[in-house]
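Take a look at the structure set out below.
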Amino acid sequence: MLNVKPGWKNWHLLTEKGRQIWAFKPDSSDINDHLQNADKITDEEIARFAEDFQFDKSGNPNSGDKVFRNTVINSNFREFDGKIPQSENPEAQKVIDALIKGINYYAYLQTEDGNWPGDYGGPLFLLPGLLIAAYISETPFPRAHQEMMKIYLLNHQNQDAGWGMHIEGESTMFGTVMQYVSLRILGVDNNHEQLVKARTWIKTNGGATGIPSWGKFYLSIMNLYDWQGFNSLFPEMWLFPKWLPVHPWRYWCHSRMVYLPMAYCYAQRIKAPENDLILSLRQEIYNEDFATIDWPKQRNAVCEKDCYTVPSPVLKWMNFFTNAYEKIPCGWLRKRAIAFILKYLNAEDEQTHYINIGPVNKAINSICIWHAFGKDSEQFKKHTARWYDYLWVAEDGMKMNGYNGSQLWDTAFATRAMLESECGKLFPKTIAKSYEFIEFSQIKSEHSTHAEFFRHPMIGSWPFSTAENGWPVADCTAEGLSATLAIHYSGLVHPAIDDIRIKKAVDVILSYQNADGGWATYELTRAPKWLEKLNPSEVFADIMIDYSWTECTAACVISLVEFQEAYPDYKNSEIRNAISSGIHFIIKQQKPDGSWYGGWAVCFTYATWFGVEAISKAKGKGFYGDHVLSASINKACTFLVNKQKTDGGWGETFESCSKLVYTEAETSQSVNTAWALLTLMAADFGDKSIIESGINVLLSRQTDIGDWPQENISGVFNYNCMITYANYRNIFPIWALNRYSSRYV
Ligand code: LAN
């Protein structure tokens, strides 16, 4: 029996077609009725929460998803009772046993609707946005939720009394002020010991005037900053002619969809009415008297602990003009801009079933819709209903996930990991359920307002999370396709995804290829690189346009190679060209030391796995000069061998991502070790002892029941913010053991 504390038992994860919602003591499994008891929490239950969700971040700030996992396992876990393949070699048998145990444990975590829910928290600036939306719209979360959020925020305070951008990060002004204000919104008294200390942190680091621009935005909404202290977002830019390189339709969709509702709030100067809390907060977070602050002077003030991307001179110059324009904005133009923005916001809401593209615009769109249509409007109610899709309960409390989940992504990886060898066929029900989910999640229709609002055609694609989220992603499409092909190949299911749909996926992948041969995330690269000079975020890098990435490119190349093997007649030469130029892009990205930098997970081991996997898949098939490919693979292997730790494993910290140099973790990490092993095995690396010692690390870390411990944070975005991938600790060790069992046993 795994430990499940009494307080944890009050929370149930309800799921439906990929939608995931945590309910407090639900009477039924009806996902739409999940709030029925959330306000009926008793004082004893609250006291229980405080005890049962106590979490000590000083050892490891990453929670292990124990509330979800341990409950599921305790309710129905059984050891594998099928026939385990036998080997005469006892060492090999150990690997097979660990593999089967690992898959068996993991299979129990799959939900009825066929995917693997998991903690997708990490960033600490998301929940505050949602709480501010709830606050200004006077739509507070139920008590049960509020108590759990409080616990989470308090749990993640750093030793120096501040909070970081993300759970592993050092304290920043952005992190600290946002959590501080959130706790106060949640009713925590300003004399609370942790808040007193946090205030000292804020004040000794210069006070909230130096919060970065996204923080300035949220504080302005809260009436805790003056909008004059915020650089203009020039809402009229949405009316620019489309051919202009600075028209926002060319931005990376995440920036576009965040700066859109921000521009609405800015144009309307939305701010909460003054009240006791706000008046008090104004005294709590500043060193100077709020009334005397010279706001225009604060526009570019950024606490040095926060500054990651220094605003460029071009940006400052542009701000000078747009700020000047704000003194006498043209009335009718402003009106037109606001009308366009609102129409766009409505379209995004409808296209995503009010989930929105991500956690940031989810919160800010809610604020805009509340402002435009009121608290009782249908639109606003649809918005609040989806707040809960982002909330996640783990043993450290209730957090806001970085997306409405990572359902499709994890399911596709998990399926591929299991089907790496014949062993996967020992779990036919798991594979069949995954297939149902993958089938269901493929995007089948286009939204009517899709072209009007700059969306890339998406029929045949797969999203990162759920079909309802409705944003196609290039490499998610590739993973969806690879998983589908693997399942079809296994013969375990009746192929519900027919050839037409498979070819549609291929068409989408082809349509996503950039002129540089690479693939970006959601769309094509739509503007030149110099647009990055206008990045106003200070805390993120490379957010302005959708760049080609090694990982995204590799995933697309791999799926195209696999597709071509199964369907050699479809668009043969077009696909061959796409693969060749994709490989060319990957080769160009390789660093002189043989590694690749990973933009979406930590870090060099991740992208090096993708790079080598794609190159080795393409090798020997005439897509590219094989001697070049072999040299590249060899260099990558040399890199990895040099980074192997004395215990046989590999380990990186998140600083690899933010500092752009390989940064070794103190201990080896199962997930990095698995990526390195997958790479070396894909490369057919000659020295088997290197691989064996890595495999031994995975074996030694596995728990009795078949899980692996949650170690360092695995995911990242925009170089500087980390994000949890709870499922990686199972998927990649399973994949590595499975590859080992199929190649070396
Ligand atoms: C994600 C999650 C998935 C990720 C992969 C598919 C793994 C990657 O290969 C491509 C990029 C993508 C789709 C991705 C992009 C950025 C996202 C959406 C996120 C990391 C999840 C959260 C993040 C989003 C931008 C968070 C909000 C912050 C802003 C700066 C707007």
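From a predicted model like this one, the values you see are computed outputs, not experimental measurements. Remember, it's 1-based here, ligands and their atoms both numbered in the order they're listed.
Ring-plane geometry between Tyr264 and His371 is classed as perpendicular, the angle between the planes exceeding 60 degrees on a 0 to 90 degree scale with a lower cut at 30. Using a 30° and 60° split on the angle between ring planes, Phe141 and Tyr388 fall in the perpendicular class, above 60°. Using bins of under 30°, 30° to 60° and over 60° for the plane-to-plane angle, the ring pair Trp409/Phe464 lands in the tilted bin. In this structure, Phe68 and Trp22 have perpendicular ring planes: the angle between them is above 60°, well past the 30° mark.
Looking at Tyr259 against ligand 1, nothing comes within 4.0 Å, counting heavy atoms. Of all the heavy atoms of Trp409, the ones lying under 4.0 Å from any atom of ligand 1 belong exclusively to the side chain. At a heavy-atom cutoff of 4.0 Å, ligand 1 is contacted by the side chain of Tyr120 but not by its backbone. Contacts of Cys476 with ligand 1, taken as heavy-atom pairs under 4.0 Å, involve the side chain alone. When heavy-atom distances to ligand 1 are checked against a 4.0 Å cut-off, Trp519 has no atom that comes that close, whether in backbone or side chain.
If you run side-chain hydrogen bond (donor to acceptor under 3.5 Å, both in side chains) between Ser548 and each of Thr553, Asn514, Thr521, Thr525, only Asn514 comes through. Checking each of His254, Glu348, Gln351, His456 against Trp471 for a side-chain hydrogen bond (donor to acceptor under 3.5 Å, both in side chains) leaves exactly one that passes, namely Glu348.
Against a heavy-atom cut-off of under 4.0 Å, Val360 is close to the following atoms of ligand 1: 27 (C), 28 (C). Of all atoms in ligand 1, numbered sequentially from 1 with element shown, those under 4.0 Å from a heavy atom of Val258 are 31 (C). Interface of Gly402 with ligand 1, defined as ligand atoms under 4.0 Å from a residue heavy atom, comprises 21 (C), 22 (C). Heavy-atom contacts of Phe540 reach the following atoms of ligand 1: 30 (C) (cutoff under 4.0 Å). Close contacts of ligand 1 with Trp252, meaning ligand atoms under 4.0 Å from a residue heavy atom, involve 15 (C), 16 (C), 25 (C).
Separation of atoms CD (Gln589) and CD (Glu551) is listed at 10.0 Å; rounding is to 0.5 Å.
For Asp475, a nitrogen or oxygen atom sits less than 3.5 Å from a nitrogen or oxygen atom of ligand 1, counting backbone and side chain alike.
Salt-bridge annotation for Glu468 and Arg386: present, with a side-chain N of the basic residue lying under 4.0 Å from a carboxylate O of the acidic one. Using a cut-off of 4.0 Å between Lys/Arg side-chain N and Asp/Glu carboxylate O, Asp542 and Lys529 are scored as salt-bridged.
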**Study point:** Stepwise salt bridge (Lys or Arg N to Asp or Glu O under 4.0 Å) check, Arg19 with Asp389
**Key:** CA-CA 7 Å; Arg19 190 174 183 198; Asp389 292 47; 2.9 Å; yes

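Of all protein heavy atoms, the one closest to atom 18 (C) of ligand 1 is His254 NE2, 2.9 Å. Protein heavy atom in closest approach to atom 28 (C) of ligand 1: Phe717 CE1, 3.6 Å. Nearest non-hydrogen protein atom to atom 4 (C) of ligand 1 is Tyr725 OH, 4.3 Å. With respect to atom 10 (C) of ligand 1, the closest heavy atom belonging to the protein is Thr521 CG2, 3.6 Å.
At least one cation-pi condition fails for Arg256 and Trp238: the charged atom is not both under 6.0 angstrom from the six-membered ring centre and inside a 45 degree cone around its axis.
By heavy-atom distance, the residue among Tyr606, Phe125, Phe413, Phe464 lying nearest atom 3 (C) of ligand 1 is Phe464. The closest non-hydrogen atom to atom 16 (C) of ligand 1, taken over Trp600, Tyr522, Trp214, comes from Trp600.
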